[in-house]
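Throughout, a chain's letter reflects where its sequence line sits, starting with A, and its residues are numbered from 1.
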Amino acid sequence: AEIGKTPLDSGWLAARSTEVQFTGTQLTTTHPPTGPSSPWMEALVPGTVLATLVKNKVVPDPFYGLENEAIIDIADAGREYYTFWFFTTFQCDLSANQHCDLNFRGINYSAEVHLNGHRMVLPKGMFRRHSLNVTDILHPDRSNLLAVLVHPPDHPGKIPPQGGQGGDHEIGKDVATQYVEGWDWMAPIRDRNTGIWDEVSISVTGPVKVIDPHLVSSFFDNYKRVYLHTTIELENKSAWIAECSLNIQVTTEVEESICLV
Amino acid sequence: EHLQTQHVSIPARSRLQYTFPPLFFYKPHLWWPNGMGKQSLYNVAIIVDVKGYGESDSWQQHFGFRKIESHIDGATGGRLFKVNGEPIFIRGGNWILSDGLLRLSKKRYSTDIKFHADMNFNMIRCWGGGLTERPEFYYYCDYYGILVWQEFWITGDVDGRGDPVSNPNGPLDHDLFLFCARDTVKLLRNHPSLALWVGGNEQIPPGDINAALKDYLRLHPDFESVDENGKPPEDFS
């Protein structure tokens, strides 16, 4: 596989968890969904459960007229109603000493990940990244089956008849976006933005991975002397000492296709 | 000057943090907010090669040289900003998110943020009841010169006000809040448009969260100390 990141943003299916009779292990081994036939539908990833339901015309678009009133609120339907499976497949043929991470840049609110029959739990929190080392569970030469069961926020709350700022405020007990219970400018979001709401990707590296570089500049002599300070984390995933050559290069495009190093 | 190679040994199955010796620039093109100058962006690339293997991983990011300072003005109670030493009159737009169903497309970000720049704005404030915005949002703010005032997930209306008082101690799990805050800072910290982190909207976060956020986001002491010639300390790296 080529070193680098590949977004997984197409080919996703989704289904309400209560309408799926198989376990995560079965979905990613013996009984994967075969296409967008009931209860499965084409999914929007990244996006929310409600975005997928709107895409499939299961519910009307809540931002037109008073259509939001026609969509059942999670407070009345229960959390299970907006608990959804998301499913996709991907290829990743690793060579020797290559490693693969499965990355989620944002899930609201918690999830179980199943890949080729292996289960991993993604902890709570809308604003956190998850990175799973899946090197040892990928299938060489054939599709990998990925199913993600996404649970809504723990405290979706109820919307008082008179509405109001943040509904009954229960959503504030979670680490999630708060406007979803409605505000003076916004109707309540019925699924509270449950879903795989930000990028999903796989990243392939060799034995050593670069993590979260930090760039800082400092200025002296009225901006004539400037220093760029760079700190990185490095992870050696191999079972041997890695002798690394670290290269940093700063370029600027002075004309089209001509860069100054 | 702007190309450097270092050698590092990393023990098996372990992580380490490494700081490059500082790269020196003479009069680099500075990044300016919309209306004050160009939004000069450099491309920073980091490549790690492993002996006996070859290229193992790489990373790159647009980076802008800029210095942003701000303080609360004693006379007016307002926050005053300077960019690269120059005072700037802030003309800002409030922002929640670009789509309530979180279909956050690059095209939509580009259009919305260019629209703010075309309106002669120079700042967007991301409200604490909405999202911490995504790297694609920040990319276009970098590109169009829009400073970003980014709030964490606390609002007075949901955390601390009302009758009965709503969630006076904020979210139930403070450790989770702080974990998410740290991870979000790591995700966004290299964008030149990122101007200010704020604890929440119209509310100070619970004491322990507020203290921890201030601690995480304080200026590293090395950046406060320079010698008599204005140079960073010897052991800067």
Side-chain angles (χ1 to χ4, degrees), chain A residues 3 44 47-48 50-51 97 124-125 127-129 165-166 169 172-175 177-179 189 193 197-198 205-210 212-215 217-221 223-224 226-236 238-252 261, chain B residues 2-12 14-20 22-25 27-28 42-51 53 55-57 59 63 65 67 96 100-103 129-132 153 155 157-159 166-167 171-172 176-177 180 183-184 186 190 223 230 232:
Chain A
I3 298 286
L44 261 183
T48 62
L50 203 52
N97 294 318
K124 299 170 184 180
F127 300 107
R128 66 191 295 174
R129 295 169 295 170
Q165 308 285 74
H169 315 305
K173 292 179 177 175
D174 294 335
V175 183
T177 190
Q178 297 184 350
Y179 81 97
I189 304 291
N193 279 163
W197 70 277
D198 200 7
T205 66
V208 174
K209 178 184 176 185
V210 175
D212 290 336
H214 189 191
L215 309 174
S217 44
S218 58
F219 302 90
F220 304 93
D221 302 338
Y223 300 89
K224 284 189 190 125
V226 177
Y227 296 88
L228 176 65
H229 310 270
T230 308
T231 296
I232 59 176
E233 271 188 67
L234 296 163
E235 181 181 14
N236 179 7
S238 75
W240 31 273
I241 297 173
E243 299 294 341
C244 298
S245 171
L246 305 179
N247 180 283
I248 183 168
Q249 173 178 310
V250 183
T251 57
T252 183
V261 178
Chain B
H2 308 151
L3 179 65
Q4 190 183 97
T5 303
Q6 300 290 326
H7 298 280
V8 178
S9 295
I10 310 174
S14 66
R15 269 194 191 204
L16 61 77
Q17 194 175 63
Y18 178 79
T19 299
F20 285 90
L23 287 172
F24 173 69
F25 291 77
K27 286 189 178 177
Y42 289 75
N43 188 50
V44 179
I46 296 170
I47 299 166
V48 53
D49 283 283
V50 176
K51 191 176 176 183
Y53 177 82
E55 183 177 321
S56 180
D57 199 6
W59 175 91
F63 182 75
F65 290 98
K67 182 177 184 180
I96 317 296
L101 302 184
L102 307 188
R103 299 164 292 194
L131 298 179
T132 34
W153 321 286
T155 67
D157 292 298
V158 170
D159 310 274
S166 58
N167 302 320
L172 293 180
L176 173 61
F177 184 99
C180 289
D183 200 55
T184 299
K186 286 181 179 179
N190 295 319
F223 287 88

*Distance-only polar pair, side chains of Thr5(B) and Asn247(A), donor-acceptor under 3.5 Å*: yes
_Asp49(B): partners by salt bridge (Lys or Arg N to Asp or Glu O under 4.0 Å), with sequence neighbours left out_ = none
*For Ile3(A), is it the side chain, the backbone, both, or neither that has a heavy atom closer than 4.5 Å to a heavy atom of chain B?*
side chain
*Are any of the side-chain nitrogens in Arg128(A) or Asp183(B) under 4.0 Å away from the carboxylate oxygens of its partner?*
no
_Less than 4.5 Å to any heavy atom of chain A: does that hold for the side chain of Trp153(B), its backbone, both, or neither?_
both
_I want to check something: taking the side chain as every heavy atom from C-beta on, are Thr252(A) and His2(B) in contact at a cut-off of under 4.5 Å?_
no
*Most chain B-contacting option - heavy-atom pairs closer than 4.5 Å, from Thr205(A), Val208(A), Asp212(A)*: Val208(A)
*asked:* Is it the case that over 12 heavy atoms from other parts of the model lie below 6.0 angstrom from the NZ atom of Lys124(A)?
replied: no
*Look up atom CD in Gln249(A) and atom CD1 in Ile47(B), then write down how far apart they are to the nearest 0.5 Å.*
6.5 Å
*Output the option from Glu233(A), Lys209(A), Gln165(A), His214(A) having the highest count of non-hydrogen pairs under 4.5 Å with chain B.*
His214(A)
*Could you check which of Gly47(A), Gly166(A), Ser238(A) has the highest count of heavy-atom pairs closer than 4.5 Å to chain B?*
Ser238(A)
*asked:* Can you tell me which of Thr132(B), Ile10(B), Val50(B), Asp159(B) forms the most heavy-atom pairs within a distance under 4.5 Å of chain A?
replied: Ile10(B)
*asked:* Testing the basics here: between Asn193(A) and Leu101(B), what is the closest heavy-atom pair and its distance to 0.1 Å?
replied: ND2-CA, 4.5 Å
*Would you indicate whether the side-chain heavy atoms of Pro171(B) and Lys173(A) approach each other to under 4.5 Å?*
no
*Measure the spacing between CG of Leu215(A) and CD1 of Ile46(B) and express it to the nearest 0.5 Å.*
6.0 Å
*Tell me, do Ile248(A) and Val44(B) make a side-chain contact under 4.5 Å, heavy atoms counted?*
yes
*Name the member of Val210(A), Leu234(A), Thr177(A) that forms the most heavy-atom pairs with chain B at distances under 4.5 Å.*
Leu234(A)
*Distance-minimising heavy-atom pair for His169(A) and Val158(B)*: O-CG1, 3.7 Å
*Check whether Asn167(B) gets within reach of chain A through its side chain, its backbone, both or neither, counting any heavy atom under 4.5 Å.*
side chain
*Mind checking the OG1-CZ spacing from Thr184(B) to Phe127(A)? Nearest 0.5 Å is all I need.*
7.0 Å
*Between CZ of Phe65(B) and OH of Tyr223(A), what distance do you get to the nearest 0.5 Å?*
13.0 Å
*So which heavy atom on Gly125(A) is nearest to which on Cys180(B), and how close?*
CA-SG, 4.2 Å
*Can you find a pair of side-chain heavy atoms, one from Val48(B) and one from Ile232(A), that are under 4.5 Å apart?*
no
*For Tyr179(A), which residues count as a ring pair (Phe, Tyr, Trp, His ring centres under 6.0 Å) partner, sequence neighbours excluded?*
Trp185(A)
*Top residue by heavy-atom pair count (under 4.5 Å) with chain A, among Ala12(B), Ser166(B), Ser56(B), Ser14(B)?*
Ser56(B)
_Nearest heavy atoms of Ile189(A) and Gly100(B), plus distance in Å_ = CD1-O, 4.1 Å
*If you measure from NZ on Lys51(B) to CD1 on Ile241(A), what distance do you get to the nearest 0.5 Å?*
11.5 Å
*asked:* Rounded to the nearest 0.5 Å, what separates atom CG in Leu228(A) from atom CZ in Phe24(B)?
replied: 12.5 Å
_Region of Asn97(A) in contact with chain B, defined by heavy-atom distances below 4.5 Å_ = both
*Indicate the atoms forming the closest heavy-atom contact of Pro28(B) with Lys224(A), along with that distance.*
CD-O, 4.4 Å
*Any donor-acceptor pair under 3.5 Å from Asn236(A) side chain to Pro11(B) backbone*: yes
*With a 4.5 Å cut-off on heavy-atom pairs, point out which of Ala239(A), Cys244(A), Pro207(A), Gly172(A) contacts chain B the most.*
Cys244(A)
*Which atoms of Phe63(B) come close to chain A, meaning under 4.5 Å heavy atom to heavy atom: side chain ones, backbone ones, both, or neither?*
side chain
*Below 4.5 Å from any heavy atom of chain A, which atoms of Tyr53(B) appear? Answer side chain, backbone, both or neither.*
side chain
*Using non-hydrogen atoms only, which part of Thr230(A) is less than 4.5 Å away from chain B: side chain, backbone, both, or neither?*
both
